[in-house]
Amino acid sequence: MRIKRRWITEGDAGQYLVLFALLFPLVIVLMGLVFDGGRLFQGYRRAELAANAAAQAGSQCIDEGYFQQTNQVRLDRAQALATANAYVLRNQGQGVAPAGLAADDHWVTVHVQARVPLAFMAVLGLPELTVSARGVARAHYGIDHVWQ
């Protein structure tokens with residue numbers, strides 16, 4: 001005896017169309033969130049790399065006169081801030097802008113913000129978001145102890 005299997009019975013004829021009509025917009029919205037989420041992550045990474053590079057460059061500005069006299073590492077604060085700011089400004093074409101720079105005798109801290117344009121969220125009235133990142137670097141000259 002042969003059994004016939006029918007996937008759609010007489011009473012189920014339009015149900016898949018209704019499910020498709022309900023779920024397709026949800027799938028499109030989720031794809032949009034994934035796409036915009038990827039753009040936000042890319043913008044954050046770009047800002048983070050710019051902040052870290054600027055802080056690292058600023059931390060290399062050692063006060064060499066002070067180092068030669070005392071054999072101690074200390075930052076030249078003005079030069080460190082100028083160098084870090086120059087590195088951040090080089091990334092302005094990528095949407096990265098300086099939000100704050102600080103330096104003391106041993107540390108350089110750089111805060112940046114990046115504007116990230118959104119594609120799918122712009123339809124809902126959110127054309128761009130701003131992400132923030134921070135980079136910190138310590139001044140060093142390859143010395144662990146005095147008279148090394």
Side-chain angles (χ1 to χ4, degrees), residues 5 7-8 12-148:
R5 292 187 180 169
W7 293 101
I8 300 175
D12 297 337
Q15 288 185 0
Y16 289 108
L17 183 61
V18 172
L19 283 174
F20 178 77
L22 291 175
L23 293 179
F24 185 69
L26 180 64
V27 170
I28 294 298
V29 167
L30 289 176
M31 284 178 27
L33 289 175
V34 167
F35 182 77
D36 282 344
R39 292 186 76 163
L40 280 171
F41 181 72
Q42 179 187 20
Y44 172 74
R45 284 294 295 156
R46 182 180 295 128
E48 184 182 36
L49 290 172
N52 286 336
Q56 185 64 30
S59 72
Q60 301 303 310
C61 298
I62 304 297
D63 186 350
E64 292 183 14
Y66 183 79
F67 176 73
Q68 289 174 355
Q69 291 174 358
T70 64
N71 202 32
Q72 293 181 358
V73 175
R74 182 174 79 178
L75 278 175
D76 181 351
R77 291 182 189 178
Q79 186 180 5
L81 291 175
T83 302
N85 191 44
Y87 267 75
V88 173
L89 293 178
R90 285 183 189 166
N91 288 292
Q92 271 190 323
Q94 303 293 326
V96 177
L101 301 169
D104 62 10
D105 285 346
H106 302 288
W107 295 91
V108 176
T109 305
V110 178
H111 294 275
V112 298
Q113 291 182 339
R115 291 182 329 274
V116 180
L118 302 175
F120 287 93
M121 293 302 284
V123 174
L124 301 175
L126 191 62
E128 70 178 20
L129 282 177
T130 302
V131 294
S132 300
R134 180 178 79 122
V136 179
R138 181 176 180 270
H140 55 84
Y141 220 46
I143 295 175
D144 295 330
H145 56 275
V146 178
W147 306 113
Q148 181 177 355

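Note that the numbering runs from 1 along the sequence shown for the chain.
Scanning both residues, A137 and A55, for their nearest heavy atoms gives CB-O, 3.4 Å. Heavy atoms only, all atoms of each residue included: S59 and L75 are closest at O-CD2, 3.7 Å. The shortest heavy-atom contact between I62 and F67 is CG2-CB, 4.5 Å. Looking at every heavy atom in both residues, V88 comes nearest to A97 through CG1-C, 4.0 Å. For the pair A21 and P25, the tightest heavy-atom approach, listed with the atom from each and the gap, is O-CD, 3.2 Å. For the pair A119 and D36, the tightest heavy-atom approach, listed with the atom from each and the gap, is N-OD1, 3.1 Å.
The distance from the CD atom of Q42 to the CZ atom of R39 is 7.5 Å, given to the nearest 0.5 Å. Here CG of D104 is found 11.5 Å from CZ of R74. Values are rounded to the nearest 0.5 Å. The distance from atom CD of Q72 to atom CG of D105, rounded to the nearest 0.5 Å, is 10.0 Å. Distance OG1/T130 to OH/Y44: 14.5 Å, rounded to 0.5 Å. Atom CD of E128 and atom CG of L40 lie 11.0 Å apart (nearest 0.5 Å). The CG atom of L129 sits 5.0 Å away from the CG atom of L118 when rounded to the nearest 0.5 Å.
In this view, L81 and L101, A103 satisfy the side-chain contact (heavy atoms from CB on, under 4.5 Å) rule, not counting sequence neighbours.
Side-chain contact between M121 and L33 is present, with at least one heavy-atom pair separated by less than 4.5 Å. Side-chain contact between N91 and R46 is absent, with no heavy-atom pair separated by less than 4.5 Å. The shortest side-chain heavy-atom distance between P98 and V110 does not fall under the 4.5 Å cut-off.
Residue pairs meeting the ring pair (Phe, Tyr, Trp, His ring centres under 6.0 Å) criterion with at least one member in residues 99-124, sequence neighbours excluded, are F35-F120.
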